[in-house]
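Down below is the structure, laid out as structure tokens.
Numbers restart at 1 for each chain; the letters A, B, ... are given by sequence-line order, proteins then strands. Any value given below was found using the heavy atoms of this structure, including those in side chains, with hydrogens, waters and symmetry copies removed.
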Amino acid sequence: MTGELDLFRDETRAWLEENCPAEMRQPVLDEGDICWGGRNFAPSSPAQKQWLDRMAARGWTVPHWPAAYGGGGLSPEQVIILREEMARIKARDPLKSFGISMLGPALLHFGTEAQKLEHLPKIVRGEIRWCQGYSEPNAGSDLASLTTTADDAGDHFIVNGQKIWTSYADQADWIFCLVRTDRSSKHRGISFVLFDMASPGITTRPIMLISGYSPFCETFFDNVSVPKSNLVGELNRGWDVAKYLLTHERGSISNMGLGKDQVKSLSAQATEQIGLDDAGRLREPVLRAEIALLEVRELAFLAMTERNRDEVTAGRAHPAQPSMMKYYGTELNKARHELAMSAGGFAALEWDSDRSQQGLVPRAWLRTKANSIEGGTSEIQLNIIAKRILDLPSA
Amino acid sequence: MTGELDLFRDETRAWLEENCPAEMRQPVLDEGDICWGGRNFAPSSPAQKQWLDRMAARGWTVPHWPAAYGGGGLSPEQVIILREEMARIKARDPLKSFGISMLGPALLHFGTEAQKLEHLPKIVRGEIRWCQGYSEPNAGSDLASLTTTADDAGDHFIVNGQKIWTSYADQADWIFCLVRTDRSSKHRGISFVLFDMASPGITTRPIMLISGYSPFCETFFDNVSVPKSNLVGELNRGWDVAKYLLTHERGSISNMGLGKDQVKSLSAQATEQIGLDDAGRLREPVLRAEIALLEVRELAFLAMTERNRDEVTAGRAHPAQPSMMKYYGTELNKARHELAMSAGGFAALEWDSDRSQQGLVPRAWLRTKANSIEGGTSEIQLNIIAKRILDLPSA
Amino acid sequence: MPLLLDDEQIMLREMAGGFLADHSSPADVRALRDGGDPPGFTPPFWRQLARQGLLGVLIAETHGGLGLGHVDAGIVLEQMGRNLSMSPYLSSAVLAPELLGPSRHAEQWLPKIARGDAVVAFAFEEFSKHRREIGLRAERSADGYRLSGCKRCVLHGHVADLLIVAARTSGTASDHDGLSLFAVPGGALSLICTPVRLVDSGIAADIAFERVMIGHDSLIGEEDQAIGPIVRLLNVGAAAAAAELLGVAEGAQALTLAFLKERRQFDVPIGSFQALQHRAAHLYAEIEVARSAVLKAQQALDDRSPETSIAVSVAKAMAGNAAMLAVKEGVQMHGGVGMTDAYDIGLYMKRARTLAELFGDAAFHADLIAKRRGY
Amino acid sequence: MPLLLDDEQIMLREMAGGFLADHSSPADVRALRDGGDPPGFTPPFWRQLARQGLLGVLIAETHGGLGLGHVDAGIVLEQMGRNLSMSPYLSSAVLAPELLGPSRHAEQWLPKIARGDAVVAFAFEEFSKHRREIGLRAERSADGYRLSGCKRCVLHGHVADLLIVAARTSGTASDHDGLSLFAVPGGALSLICTPVRLVDSGIAADIAFERVMIGHDSLIGEEDQAIGPIVRLLNVGAAAAAAELLGVAEGAQALTLAFLKERRQFDVPIGSFQALQHRAAHLYAEIEVARSAVLKAQQALDDRSPETSIAVSVAKAMAGNAAMLAVKEGVQMHGGVGMTDAYDIGLYMKRARTLAELFGDAAFHADLIAKRRGY
């Protein structure tokens, strides 16, 4: 068995070496470097397209999905090896997608065979870009109080209402959406449906954030027609699908705590910006201590991420552990960016100058503030840990 | 007016200079240096007795109480001057007493003229040492759920039950005590009574704490007879007296955050124990940062205490402000002692060696853990701030 | 002196608070940010401040001001922080009067400042973070001084009528001696000014001095002897930023408390959740303690107490931390909408971060306290 | 290697956990403290550990041990922390086998240790806090070495059969070169041992070496070349203390969760209060993250990874902080009874504080990480 894995590693290494373009081994510096795919995908470089296509052809954009649905069909051990080998050459992810991290796992678990065959391969190949229709303006953390309705109209539903925080809804091709199909029950009156964002009656409006970016939209549905075949899971049992999916989302958000996407460590940045004193220590002694204490937590969380991944692979992870990972990772990331701002000093306050690359540092800092809100707030994660892991009594 | 105050200051300074024994100008180093008074008062030195008697003769053990009840009858401005002049020569408090800090204010507000005349002068002179009968084993923060009963027996009550956390009950002469006089109402069934600890039917048992000290007792009442004339305030309205008294208690506990009782500042202790490096900084750079950040808060809280005192004097303090002071002061004091332990290193771990003075440092550290529990936990104070100051809605 | 505002100061707070709430708002901050290349403040608002007498708080009555002290200036700054008012108040109405008041430049500049006719900027910083080192050189010649070097983060430097410049007339690097202060006209030749918009919508300038010639009369105070005035100015500036931070903390707290009472989830107002209540109560305590530290520092400045530097460091560190906590809790408790530009809480976060950095952040001041206390 | 316990390690954890819960308890800690002048541990318990094979985890099978690694030793230590088991396990069964295993002393000492017939103490510290400086001198003569100097905080030093002593054979002060390690019999002449009881009821000795003569064969490894083995020993010790701290954190957490579920106030279990739930959940996260860091460090030790020192520093700092948080929250959430000696949570607080200090506290290790990372 180990022999087979060693062989797989050798082959993978050779293949990556040959097929991963040099440009795709550079750190991701901004949004434009990320490949989201989709109907309107405009590659930022030929290499980006090439890398996506090569990986998609092997199903390695989603290596752990079954080959029957276009995935790589790899075993957990092989997936780890692929990741390790990609990390070794600093290969970028060929494709980032809510289809991979959120919808896919839910479809695999709750979808019909026809739904899997229709949607999963397109996700693997990056042909369809998905967005998420969960939150509503008056729902917030009380997600299940949603009021967007899907009324029965024979072979289809008629959807009316408004969603908010739909990431990149203005660029997405399809949406997976929670809708109310029964007003008499809060949790048992929700259904999970899929539909094309090109359907008549859909408008989107980007939301300007404090970072100055607009990755999220408000999305309005005005008598949108959705075929009943696009219902995932049972009617009125969409809450089960939603919870399952949220757990997967949390797992991916928690990685934000890693600072892996950062080209430089916080301490390296600070050293460059502030300089060292005669004793070889960062010139600002109290800030140095704060950075060192943060790096302790950062390195520990890196180990936590490794252990969590191995626990998931071994089937030994607590089902609510993603809540802990999401809570800790996002709070850590926020703390890291606070210190990055402190280390940056006056330069980090510059909002739109060329030399600050239009305020990359402060905008990233402000962006992190959403980490502990999106995908379930830190408070919701703490509630979940208290109840599901610690078994503390309800109020 | 200012002229009169200047004159008062000059006279006070001269009198203190002449009457405060040199020994009473030394820092209080341990429990034995504190004068608690009472029937069994055994002065630790002739100077201690002399200082108590001289101050008591002028009513200056409780300078702000009316002269009619043995107090000093001073105006708020005069009290401040007396305090300042005492601080100037580092004079010790002549008397520490729950009679002064807790019972007195409640008696002044709720007591009958006869009760004031009987009890207040003895408090001023340190003749009677009081203890507090509030908490019960099954009540905790839910103080009003107390079950010690006082049944009507004509001209007296018969008290039965158990109190806990009665400070120095084994050394106290009298107790002020919350008892249940009506089982049908939680808050409106409590009364506030006073009785002599020498009454038949009272036993006390010291509680060994984690610090190794036993300042608190469990106190048991077995058919204790209490004259009805010892009821303070109205029957069944003792909860009003209790809340009033607790507010005063909080004010005095919050001072614990000041570290004024410490002979040396935390940083001075740390410097002595750890030493400075070549740059003149504490040898442990991260600990140094932690100490500096703590000292910022400590100095700020010192200003807070000053402002709070001036606000109280000017009648401009929020009635719930003692909860904030108690919360912040006690949490700060705990943090301070954690750092004192860190600064002390291995020496601070020594529990009963002579050179550690039988573990003064670790025992003081452990003692501070009670600060945020006694007199209403930090959690209770935060509840009070949220509701009474911030006006946040009840759950 | 009691650590309290007196009756006149309470009146000033009410007047300034009411006036600023009426004449400035977070909407102005967005307008300034989105409005192309403005001066970083609204000139009509500046003239209104002058008419209200608020620009003259620290200016002597003989120069058209109110002749009050740093507690009073702090009251105004706190209300500015609370309302996110944008203006060059700190440098023009606080630092300039403090420095120029006893100088030969007083007559020329203070009446103008009080009338709102002059904007003054303080050109001190030379590094990426606040550091008490001056490298910009002023070489004396027969005609005056020639300034060479660079300053950065000069708030409102691009529109200043007057720059107060800290320069080195002798000595090297981090020497305490050999420093001088100069009054340099904003439009001086060979002064290259690059305005940079900051995260809070304010504008700071990078200023390169390429052999800028100024007259002998530009010297403020004595040559080589400016260390005392500079330390004083930095203390005044830090205390002023602390007062404004305190206001930012209060403003963020007020927004958040209102939101907690109004926003309902799970059929109850979210402010009824105990976990949020405890955090709100903790924040209240931090702000109250910071308020005390700020007032203590202002009184110390007015009394010229030997404890001033420590009191100011405590105030700046506490107010910065309290404000940063207030905005972090504010955004988090607002949830999703707190992340949107449409809500005001994010603007408070940006202002808090900027003010926390000016004149040294909490880490810098904690270190300073440690140094002053000998460890 | 996956960052997980394997099946055998899970079995070891269950075995050790069950055994230690049955054979040691917080009550033993009180008994040791109140029982006059004992050795700081219970000899029968020590012999039981030996019979169970647990003293031999790190000892080669040829010397009567199990021949396992630091992950396994950590599993035992974690369970000791959880049950507050008192014994010289860390120095005798972890440090001693690590150092003596490859030495000429292995044959003499390791079988004895595995059988529970020898207690070994590590004499390293010379200052009030952990510091990586050695001043105690070992002068070489014809007959051997003469040791002069003082060691402090030598746990179980007063009853040790063998002292492992770090000494300076050349160089001065904080030199890295010139260090040597010696195996010194506990009863050596001119060795003045003063036992001191610590806050956690353990006993540490101050040891004065007044020209203590030992033979040439007492040298462990090579003269002047001990810096490598010393760093390794300190890493092993710090990781071991971290594992025990992790267990202390878990034990305190378990006690507190049980109390939160059982104790009722205002007619509900206090564990239903959201503010306490959130704090308990945060503590859970800190402990889980610390657990990962500890396992990472143990694997690094077993792999002799070049990242070992950093991994160990992360583990010690995280486990110390997690344990301190667990006991602070534990005492506070217990309320009044948490302050009493009758409840166990206070004993966890005392043990956490002691272990957090040994081999360097969180502040020390954070500083070390900063140094190793070049800032």
Side-chain angles (χ1 to χ4, degrees), chain B residues 77 80 257 265-268 270-271 274-276 279-283 288-311 313-314 316 318 321 323-325 327-329 331-332 378-379 381-387 389-395, chain C residues 1-6 10 253 256-257 260-262 264 268-274 276-297 299-300 307 310-311 313-322 362-363 365-371 373-375:
Chain B
E77 295 77 13
I80 290 174
S265 72
L266 177 60
S267 56
T271 305
I274 300 174
L276 302 178
R281 294 183 195 148
L282 208 59
R283 275 185 71 97
R288 171 183 180 270
E290 290 172 341
I291 290 174
L293 290 167
L294 189 282
E295 289 204 334
V296 166
R297 295 204 292 141
E298 198 170 47
L299 290 166
F301 189 67
L302 203 62
M304 181 73 239
T305 308
E306 191 181 334
R307 175 163 79 90
N308 184 247
R309 195 194 63 202
D310 293 344
E311 276 181 353
T313 305
R316 276 161 50 188
H318 190 290
Q321 198 74 323
S323 285
M324 187 280 280
M325 297 293 293
Y327 165 68
Y328 204 92
E331 294 295 335
L332 184 59
S378 282
E379 290 76 15
Q381 310 310 328
L382 291 170
N383 284 345
I384 292 172
I385 295 168
K387 296 202 167 62
I389 302 184
L390 306 182
D391 198 28
L392 287 168
S394 295
Chain C
M1 188 184 340
L3 200 58
L4 285 178
L5 301 189
D6 64 26
I10 291 173
Q253 180 192 33
T256 306
L257 288 173
L260 288 176
K261 289 169 193 176
E262 170 207 313
R264 294 177 70 84
V268 293
I270 60 172
S272 67
F273 290 120
Q274 195 195 34
L276 300 191
Q277 290 194 345
H278 280 200
R279 283 157 54 186
H282 173 74
L283 172 62
Y284 168 79
E286 291 290 352
I287 293 176
E288 284 299 292
V289 175
R291 180 189 311 289
S292 308
V294 169
L295 185 55
K296 186 84 187 167
Q299 287 192 354
E307 297 296 314
I310 287 209
S313 283
V314 171
K316 184 64 171 45
M318 282 300 295
N321 285 343
H365 284 286
D367 181 55
L368 209 56
I369 287 170
K371 280 184 189 142
R373 296 192 137 196
Y375 67 94

>> For Tyr375(C), which atoms come within 4.5 Å of any heavy atom of chain B: side chain, backbone, both, or neither?
In response: both
>> Please rank Glu286(C), Gln274(C), His365(C) by heavy-atom pairs under 4.5 Å with chain B and give me the top one.
In response: Glu286(C)
>> In terms of relative ring orientation, are Tyr327(B) and His282(C) parallel, tilted or perpendicular, with 30° and 60° separating the classes?
In response: perpendicular
>> Counting heavy-atom pairs closer than 4.5 Å to chain B, which one of Gln253(C), Lys296(C), His278(C), Arg291(C) comes out on top?
In response: His278(C)
> Side chain of Arg281(B), backbone of Ala370(C): donor and acceptor closer than 3.5 Å?
Replying inline: no
> chain C heavy atoms under 4.5 Å from Gln381(B): which part of the residue, side chain, backbone, both or neither?
Replying inline: neither
>> Any heavy-atom pair between the side chains of Asn308(B) and Glu288(C) that's under 4.5 Å?
In response: no
> Looking at Leu260(C), Asp367(C), Ile369(C), which one has more heavy-atom pairs under 4.5 Å with chain B than the rest?
Replying inline: Asp367(C)
> Which region of Thr271(B), side chain (C-beta onward) or backbone (N, CA, C, O), has a non-hydrogen atom less than 4.5 Å from a non-hydrogen atom of chain C, or is it both or neither?
Replying inline: side chain
> How long is the gap from CG on Leu257(C) to CD1 on Ile389(B), to the nearest 0.5 Å?
Replying inline: 11.5 Å
>> Tell me which of these, Leu294(B), Asp391(B), Ile274(B), Ile384(B), has more heavy-atom pairs under 4.5 Å with chain C than the rest.
In response: Asp391(B)
>> Check whether Glu311(B) reaches the backbone of Leu3(C) with its side chain - one donor and one acceptor, N or O, closer than 3.5 Å.
In response: no
